[in-house]
Amino acid sequence: MITIRIIKRFSTALLAFATFFPAPSQAQKSPLKKPNIIVFLVDDMGWQDTSVPFWTQQTLLNKRYHTPNMERMAREGMKFTNAYAMPVCTPSRVSLITGANAARTHVTHWTSPNKDKNTDHADPALKPVNWNINGFSPAADVAHTFHGTPLPAILKQNGYYTIHSGKAHFGSTGTPGSDPKNLGFDINIAGSSIGHPASYLGEKNYDNVVNGKSNRNAVPGLEAYHGTDVFLTDAITTEALKAMEKPLADNKPFFLYLAHYAVHIPLNADKRYLDKYLKAGLDSTEAKYSALVEGMDQSLGDVLDFLDKHKIADNTIVLFMSDNGGLSTTPARGGQAWTHNLPLKAGKGSVYEGGIREPMLVRWPKVVKPNSVADQYVIIEDFFPTILDVAGVKNPEIIQQVDGKSFLPLLKKPAWKDASRELVWHHPNRWIAAEGPNIHYASAFRKGDWKLIYDYRNARLELYDLSNDIGEENDLAFSKPEKVKELAALFSKQLKQMNAQWPVFKSTGAEVPLPDAIAAKH
C-alpha cells in the first residue's frame, strides 16, 4: 500500500544538490560575477520537431522543419540526446521549479484554469486518483496543491532580477500558484493559469470571443498588441527582451523564464512562414504546425542576438527544453495519428518515448564546449538543482525533497555516463477520451538503457532495451523475466519512497498491484 501525505520536511543539502559526481567540482564554486540564466521552454514540442537531429542520424521529419537558430545553438553549445520531461505540461513545469518528481508532488496531470476541477477523463476500468488538481502553491495549506519553495524565489533572494514571460500554468485560478509574481518573479508577462492561448493572433487580441464573451484561455497582459498583426510568439519575446534592459542597466544578474505558448494548439497560421510549408506539399494543418515551430525558433534567434548585441553571451547560460512530447493525435495534427515523433513511439500523454523524450540544448560560451553532445539521460527536475549550482546558491532553505540531480558537471564533461541512475514517470491519469498507446494510467522507469513500462489497466509490464530499440517495438518482458523482476523491484521502491498515489479498479475497489507484484507472476 502506498500512503498519501503532504511533504512538510526540510530536505538535506545532499538531496537538494546531488550531482553526477560525488565530490564538488570547480564548476560549482561561486563565480565572481553571477551568470545570467535563461530557460527557453517550448510547449508540446516533440523530439523530431526540428531540423536538429537528436538521434544518430537525420530523419525525414528533421528535413521537414526549419529551425536555424536551434542549429546555431547546437553548434555553439551542447545537445542532449536523452533528455526527458513528463507526458503532459503542468507536472513538468512544477518539477522544473521545485526539483521534485511528479510522483512526489502528486501533480501528475495538467491543471484546469478552473479551481478544484479534475481534468481526468473518465476511464471504464479505473477510478481517478486524488491528485493535486490545483497544481503548485508557494503558500501552505492550499487545498489540492503541492507546497514547495519555488526556484525563482530562491534566485531572487540571491540577487537575481527574475522575469517570467509566456505560459505559466503552475496552478489553477484563485490559488497562489496561478500568479507567477507569487512564485518570486519580479515581472510577469502574459502568464496565468491557462494552459494554451485562445488565439495566437494580435488581430483577435489573443482571444476568441463568441457572442461577446471572452474565451477562458484569452492571454492576459498584452493589450499593447491588441488589434495588431503581431503574432503571440513575437509579443512575449519582445516584452521579455524589454524586461532584460532593467537588470542590464542596474548591473544585476537576471533569470529569464521564457515559456512559449507555441507550439500548442490552436494551430493559427503564422503567415511569415506558412507558404514555404504549403509549397513543400504539407497539408494545411501540418503547414501551420511547422510555421509555429519556425516562429518559435525565430524567438530563440532573437534572444541569442540580444545577448550577443549586449556582449553578455559569455556570462549567460541558455537552456532550451520542451515540457512534454509532441502532440500526435488527429485531427489536431494532420496525417496518421501517433506518427509525428517517429522513430519514437506515440506522443504527448504517453509514457512511451514519443511522449516524454525532448529536444534539449544548452549554450554557455567559455563553459560549454561548442558542438558537443551528451548522451547521459537527464530529466526535467534536474533543472532546479542545476540552475542553483550555476547561480552559486549553496544550501538554500527549501521545504520540498528534491529528486533532481545537477547536470552542471556534465556540461564540462559531456562524455561522462551514469548507468545506475533511476528515472521515474508517474501518470495515473487519463489524458483524453480517445484510446491510444499508453496515454492513460501508465507509468515508466528507466535505469541504464533498460526501460520498464507499466500499463495499470491491463496490469501488464513491458520491457525495452533503448540502446537497440529506440522505437520500443520489441517487448522483451517475456524473454527476460529476471530483468523485469529487477527493475520492477526498484520501480516499486521508488514509488513507495515518493508516496505516489495509486489507482483503484472500479470493479473490485482494490488497488492496482505494484510493479513488483506483477513481475513476480512472470
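Side-chain atoms are counted along with the backbone in the values below, which use heavy atoms only and exclude waters and symmetry mates. Being a predicted model, the structure only gives us computed values, none of them experimental. Just so you know, residue 1 is the first one in the sequence shown, and it goes up from there.
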Ring geometry between His109 and Trp131 (parallel below 30°, tilted from 30 to 60°, perpendicular above 60°): perpendicular
Less than 6.0 angstrom from the centroid, inside 45 degrees of the normal: does Arg93 satisfy that with respect to the ring of Phe136? no
Side-chain donor-acceptor pair present, Asp323, Ser92, cut-off under 3.5 Å: no
Counterpart residues, ring-ring contact (aromatic ring centres under 6.0 Å, His included), relative to Phe255 (two or more places apart): none
Does the side chain of Met360 come within less than 4.5 Å of Val378's, by heavy atoms? yes
Any side-chain donor near an acceptor of the partner, Thr233 and His260, under 3.5 Å: no
Could you verify whether a donor N or O on one side chain and an acceptor N or O on the other, from Asn132 and Thr145, lie under 3.5 Å apart? no
The single option from Lys276, Lys288, Arg64 that satisfies salt bridge (charged side-chain N to carboxylate O under 4.0 Å, His left out) with Glu294 is Lys276
Pairwise distance CG(Asn429) to CG(Asn118) - rounded to 0.5 angstrom: 7.5 Å
Are Glu462 and Arg460 within salt-bridge range, i.e. N to O under 4.0 Å? yes
Please list, chain by chain and in numerical order, all residues satisfying side-chain contact (heavy atoms from CB on, under 4.5 Å) with Lys417, sequence neighbours excluded. Asp375, Gln376
With sequence neighbours excluded, residues passing salt bridge (Lys or Arg N to Asp or Glu O under 4.0 Å) with Asp297: none
Roughly how far apart are Thr67 OG1 and Leu300 CG, rounded to 0.5 Å? 9.0 Å
Rounded to the nearest 0.5 Å, the OG1 atom of Thr98 sits from the CD atom of Gln401 at a distance of 11.5 Å
If a pair satisfies salt bridge (charged side-chain N to carboxylate O under 4.0 Å, His left out) and one of its residues is in residues 422-433, list it, with sequence neighbours excluded. Asp123-Arg430, Arg430-Glu435
For a quick check under 3.5 Å, do Thr59 and Asn62 share a side-chain donor-acceptor pair by atom type? yes
With sequence neighbours excluded, what pairs up with Lys451 under the salt bridge (Lys or Arg N to Asp or Glu O under 4.0 Å) test? Glu353, Glu472
Does the plane of the ring in His426 sit parallel, tilted or perpendicular to the ring in Trp502? Use 30° and 60° as the thresholds. parallel
Compare every heavy atom of Ile453 with every heavy atom of Val351, then report the nearest pair and how far apart it is. CG2-CG2, 4.0 Å
Is there a donor-acceptor contact under 3.5 Å linking the side chains of Tyr464 and Asp469? no
Check the orientation of Phe40 and Phe320. Use parallel for under 30°, tilted for 30 to 60°, and perpendicular for over 60°. parallel
For Lys127, enumerate each residue passing the salt bridge (Lys or Arg N to Asp or Glu O under 4.0 Å) test, keeping only those at least two apart in sequence or located in another chain. none
Is the Tyr289 ring parallel, tilted or perpendicular to the Tyr65 ring (thresholds 30°, 60°)? perpendicular
Under a 4.0 Å N-O cut-off, is there an ion pair linking Asp283 with Arg333? no
Can you confirm whether the side chains of Arg104 and Asn499 place a donor and an acceptor under 3.5 Å from each other? no
Give me the one residue out of Phe54, Phe407, Phe383 that meets ring pair (Phe, Tyr, Trp, His ring centres under 6.0 Å) with Phe80. Phe407
